[in-house]
Number of protein chains: 2
Amino acid sequence: MRVLKYAILGLLEQEKQTGYDIAAAFKGALGQFWSAKHSQIYPELKKLVAEGLIEFETVIQGEKLEKKLYSLTVAGEAELKEWMQRLEAVDVSHKDEFMLKTFFISSMEKEEAKELFSNQLDSRKRKLDELGRILTELEAEFGSNIVFSSPEFGHYLVLTRAIEREKGYIQWLERSLQFME
Amino acid sequence: MRVLKYAILGLLEQEKQTGYDIAAAFKGALGQFWSAKHSQIYPELKKLVAEGLIEFETVIQGEKLEKKLYSLTVAGEAELKEWMQRLEAVDVSHKDEFMLKTFFISSMEKEEAKELFSNQLDSRKRKLDELGRILTELEAEFGSNIVFSSPEFGHYLVLTRAIEREKGYIQWLERSLQFME
DNA sequence: GATCGCATGTAACACGTTACATGATTGT
DNA sequence: ACAATCATGTAACGTGTTACATGCGATC
């Protein structure tokens, strides 16, 4: 399916950037739903150049540090557009190790299970707080200027989705803990 | 991390079964959160036998069809228990190709984006219906007998989580569509 | 006798992570 | 000078999917 390929094309469509920048982008809100390490990004960039979907110019930073600024070619833009419009089937299994443990919960003592769930609840709450802070920053910067055509719209949608995903998980954890009483 | 290893140990703890049965288990509710193909399961079973965590007896089905019934060894039970109690960190990126597209939404025409979201909404609603049907069946069979210690408890928790995950996704899709107006 | 489900396996390839490896720039 | 960050790459390994390959059992 080569999803990383499209992730890179999408990021480069937003802005000319280096492999390092792409890796950094995966550490933000986008990383909640897709990410890759630099060891996967650099070979993929090479491949995309070979395929004629992207190109780069070498830029000198400071005295002699060479960095490669990548951008989309016309062919790359077309590929990206084709993928964006594709209507793909929902994939079944979003792997979740905690839910796998949950499936086997009857093999545990009740107190052990409660500890497992409480711990997960704490982690999820902390994550929710962090995501909330990022959203507050985004709203402070752009306020009500986030509309469809603005480039922040995607960022905003992804953040709200991540936040509600955590809220849903937390609610379910709380109700499950109650159910265990 | 070898999560498949623990998935198999957990399934075998519930019941002696064949590789085929394990593959079938991943097609049920459990498959919403973890799954593997038979081509991955059979080698893993072999490995677990070599490691002394599981063992098997050969059973003849009908005239001459040999099948291998696997079960946990004492060492396997201990490994499973150790994993179940481990308090692991929440992993960041649950990969979701649709959310990746969402991040790049500003590169689309509004009408294209609406089509993408509407289509995803339809798929998610159909999936929710299906999960609801499975839950209804489970409740019809066990009713209010699903309590902590019953083996159906894990199944029940996983199903309710899957259902609420879909509901949350659907709500977010609907609000995002409204936002695009 | 044909089709579908049960049952087991391997091979090739694609995707992803950890570790190895190097060096420049910026701010303190 | 030191540390943190910027910047790029490869190698080895682990995980996961698709395709190849085979044969029995049950039902129509």
Side-chain angles (χ1 to χ4, degrees), chain A residues 1-8 11-12 15-28 31 33-51 54 56-70 88-89 91-97 100, chain B residues 1-8 11-12 16-28 30-31 33-51 54 56-70 88-89 91-97 100:
Chain A
M1 254 171 296
R2 301 202 50 203
V3 183
L4 176 58
K5 161 177 155 178
Y6 299 105
I8 291 175
L11 285 168
L12 293 182
E15 189 169 11
K16 271 189 191 186
Q17 54 195 306
T18 66
Y20 188 88
D21 295 330
I22 289 167
F26 288 134
K27 284 174 186 157
F33 300 101
W34 206 270
S35 76
K37 317 272 175 174
H38 78 273
S39 56
Q40 203 183 353
I41 293 165
Y42 289 116
E44 188 66 32
L45 285 167
K46 219 172 203 178
K47 209 171 172 185
L48 292 172
V49 170
E51 291 169 344
I54 64 175
F56 66 90
E57 39 175 333
T58 303
V59 173
I60 304 293
Q61 186 85 338
E63 284 290 291
K64 49 183 161 175
L65 179 66
E66 290 190 357
K67 62 179 186 180
K68 294 176 180 170
L69 264 185
Y70 290 91
E88 260 149 326
D91 52 325
V92 199
S93 102
H94 270 221
K95 292 192 169 180
D96 183 331
E97 192 172 349
L100 179 62
Chain B
M1 255 170 296
R2 300 203 48 204
V3 183
L4 176 59
K5 161 178 154 177
Y6 298 106
I8 290 174
L11 285 168
L12 293 182
K16 273 189 190 184
Q17 55 194 306
T18 66
Y20 188 88
D21 294 331
I22 289 167
F26 289 133
K27 283 172 187 159
L30 173 58
F33 299 102
W34 205 271
S35 77
K37 316 272 174 171
H38 78 273
S39 57
Q40 202 182 355
I41 293 165
Y42 289 115
E44 187 65 31
L45 285 167
K46 219 173 202 177
K47 209 172 171 184
L48 292 171
V49 170
E51 290 168 344
I54 64 174
F56 67 90
E57 38 175 333
T58 304
V59 173
I60 304 292
Q61 185 85 338
E63 283 289 291
K64 48 181 161 176
L65 178 65
E66 289 190 358
K67 60 178 188 181
K68 294 176 181 171
L69 263 185
Y70 290 91
E88 260 149 327
D91 53 324
V92 200
S93 103
H94 270 221
K95 294 194 168 179
D96 183 333
E97 191 172 347
L100 179 62

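A note on names: the letters A, B, ... follow the listed sequences, proteins ahead of strands, and every chain is numbered from 1.
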In whole angstrom, give the distance that lies between atom NZ of B:Lys5 and atom C1' of D:dG16. 18 Å

Please find the earliest and latest nucleotides of DNA chain C, in the 5' to 3' direction, that have an atom within less than 4.0 Å of any heavy atom of chain A. C:dC15 to C:dT25

Residue met sooner reading DNA chain C from 5', once A:Lys47 and B:Thr18 are mapped to nucleotides: B:Thr18

Should B:Lys5 and B:Lys47 be marked as a side-chain contact (heavy atoms from CB on, under 4.5 Å) after you check the CA-CA gap, both sets of side-chain angles, and the distance that decides it? CA-CA 9 Å; B:Lys5 161 178 154 177; B:Lys47 209 172 171 184; over 6 Å; no

Taking only the side-chain heavy atoms of B:Leu65 (C-beta and beyond), determine which of D:dG23, D:dG16, D:dA7 contains the nearest atom. D:dG23

Taking side chain as C-beta onward, heavy atoms only, is A:Leu12 less than 4.5 Å from A:Leu48? no

To the nearest angstrom, how far is A:Gln61 atom CD from D:dA7 atom P? 5 Å

Backbone N/O of A:Thr58 and side chain of A:Glu66: donor-acceptor pair under 3.5 Å: no

For atom CD1 of B:Ile41 and atom P of D:dT18, their distance in whole Å: 14 Å

Run the numbers on A:Asp96 and B:Asp91 for side-chain contact (heavy atoms from CB on, under 4.5 Å), then give the verdict. CA-CA 9 Å; A:Asp96 183 331; B:Asp91 53 324; 5.8 Å; no

In whole Å, I'd like the distance from the NZ atom of A:Lys95 to the P atom of D:dT15. 11 Å

D:dA26 C1' sits how many Å from B:Lys67 NZ, rounded? 13 Å

Nearest whole angstrom, please: distance from the P of D:dT8 to the CD1 of A:Ile8. 12 Å

Starting at the 5' end of DNA chain C, which residue's closest nucleotide do you reach first, A:Lys64 or A:Ala36? A:Ala36

Among B:Lys16, B:Lys67, B:Lys68, exactly one meets side chain to side chain donor-acceptor pair (under 3.5 Å) together with B:Glu57. Which residue is that? B:Lys16

For the residue pair A:Phe26 and A:Leu11, establish whether any side-chain heavy-atom pair is separated by less than 4.5 Å. yes

To the nearest Å, how far apart are A:Leu4 CG and D:dG16 C1'? 16 Å

Of the listed nucleotides D:dG16, D:dA7, D:dT8, the one nearest the side chain of A:His38: D:dT8

Euclidean distance, atom CG of residue A:Asp21 to atom P of D:dT5 [Å, nearest integer]: 15 Å

Any side-chain heavy-atom pair of A:Leu69 and A:Thr18 under 4.5 Å: yes

